Protein chains: 2
Amino acid sequence: MSYVRETSAGYLTNWAARLFARAIERRLAGGSSGPMPVFFALQDGGAMTQKELALLAAVEQPTMANTLNRMERDGLVARTPDPNDRRSARVSLTPLGRERARAAFVSAIEVNGLATDALEPEEREVFYGMMRRIIAALERDSGTE
Amino acid sequence: MSYVRETSAGYLTNWAARLFARAIERRLAGGSSGPMPVFFALQDGGAMTQKELALLAAVEQPTMANTLNRMERDGLVARTPDPNDRRSARVSLTPLGRERARAAFVSAIEVNGLATDALEPEEREVFYGMMRRIIAALERDSGTE
DNA sequence: CTCATTTACATAGCTTGCTATTTAAATCCA
DNA sequence: TGGATTTAAATAGCAAGCTATGTAAATGAG
């Protein structure tokens, strides 16, 4: 028993991440947590290319392509051809997309609150700091940064 | 900008979880991180039903069913019919499965080490404790516990 | 200017997660 | 005992992540 999951950072993190996603999706009833990073990035009316969105969301390009396809299908984003580069399109939120973004933020804030209520107030910044350091370490390992 | 991802517990946790999974999978080269909870549960030769495994791994029953199907296809687990309950089968690791489990633990320990190296030694237990409290809070919310 | 290289995106195919539903065996109760 | 209920697993279908590879436009080197 050299390996105990209760003290495996990866196991605990993966477990928590699934619970976070489920909690948000339960509140959105139909909506899902995948578009969240796109909502983040475009919330105040901006437009970005798919590549920029993938970078910001820290997902691979095909993952973002699929997410945007679903969002476009559901009327949440619009793609307008980039006049300067015919390979690219500028992605922006539709009015429906902005509405869903607001709803998603409400749910996310609620779930984050519920989770961080399990921490002492002074522990919360510590938690964010630890997470950011772990993320930085794992990105260094992947050489992707 | 009421919502900033750098201080969203869910966003950070999801991000870190993906990096953990990628880091382990990069090391396993072909093998993936999905069977990990099954490896955990059956590492010392035990046998369990699908339901018990799903409960332990904290995934839904169909998720575990799929994982076990892939593992069976790849020769990592064997299902032997339960003599007392014809609906059930006892799942156990094959010799190949045990071998892969060992390799997976090596990778997992390496990646966990790499991640927790980003924390001060005295912070590590604090991190596990925070994670366990957040997990408990989210499970309470889901009413699944 | 032309051809090679790079870049942005698309496509194919896989894993791992989920919900909803079905099937069949076991159990419970009248 | 026999019918209703519960339980274990299977199946269908979708989302979101990944890698590998293809395609077409833009860029750069001679």
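Protein chains get the first letters and strands the later ones, always in sequence-line order, with residue 1 at the start of each. Only this structure's heavy atoms are used, side chains among them; waters, hydrogens and symmetry mates stay out. Since the model is a prediction, treat every value here as computed from it, not as a measurement.
- Residue T63(B) has a polar side-chain atom (N or O) positioned under 4.0 Å from OP1 or OP2 of dC18(C).
- The two residues R133(B) and A118(A) come nearest to each other via the heavy atoms NH1-O, 3.3 Å.
- As rounded to whole Å, 16 Å separates atom P of dA10(D) from atom CD of E60(B).
- Residue F39(A) contributes atom CZ, which lies 10 Å from atom P of dA16(D) at whole-angstrom precision.
- Here the straight-line distance linking atom CZ of R22(B) with atom CZ of R27(B) works out to 13.5 Å at 0.5 Å rounding.
- Distance, K51(A) NZ to dA10(C) C1': 15 Å, rounded to whole Å.
- Protein atom CZ of R18(A) is 14 Å distant from nucleotide atom C1' of dT15(C), rounded to whole Å.
- Using a 4.0 Å heavy-atom distance criterion, A21(B) is classed as making no nucleic acid contact.
- With the nearest nucleotide of DNA chain C identified for both R87(A) and P37(B), R87(A) has the one nearer the 5' end.
- Listed candidates were dA10(D), dA20(D), dA26(C). Nearest to the side chain of R86(B) is dA26(C).
- Nearest-nucleotide positions on DNA chain D place P35(A) closer to the 5' end than the other of P35(A) and D85(A).
- In terms of position on DNA chain D, the residue among A65(B) and T67(A) whose nearest nucleotide sits closer to the 5' end is A65(B).
- R22(A) has a side-chain polar atom (N or O) that falls below the 4.0 Å cut-off from OP1 or OP2 of dC18(C).
- No side-chain donor from either of N112(B) and R124(B) sits under 3.5 Å from a side-chain acceptor of the other.
- With salt bridges taken as basic N to acidic carboxylate O contacts below 4.0 Å, one links D141(B) and R26(A).
- The shortest distance between the side-chain N/O atoms of Q61(A) and the OP1/OP2 oxygens of dT11(C) is not below 4.0 Å.
- Summarising the geometry, the separation between CG on N66(B) and C1' on dA9(D) is reported as 12 Å, rounded to the nearest angstrom.
- In this structure, the nucleotide among dG17(C), dC18(D), dC9(C) sitting nearest to the side chain of Q50(A) is dC9(C).
- Distance N69(A) CG to dT11(C) C1': 10 Å, rounded to the nearest Å.
- One can place CG of L68(B) at 14 Å from P of dT15(C), the figure rounded to the nearest angstrom.
- Between R70(B) and dT16(C) there is a side-chain N or O to OP1 or OP2 distance below 4.0 Å.
- Donor-acceptor pairing under 3.5 Å is recorded for the side chains of R18(B) and N14(B).
- Whole-Å rounding puts the I24(B) CD1 to dC18(D) C1' distance at 15 Å.
- Among the protein residues, S88(A) comes within range of the sugar-phosphate backbone only, with heavy atoms under 4.0 Å from sugar or phosphate atoms but none that close to a base.
- In this model, the phosphate group of dA15(D) is approached by a side-chain N or O of R73(A) to a distance below 4.0 Å at OP1 or OP2.
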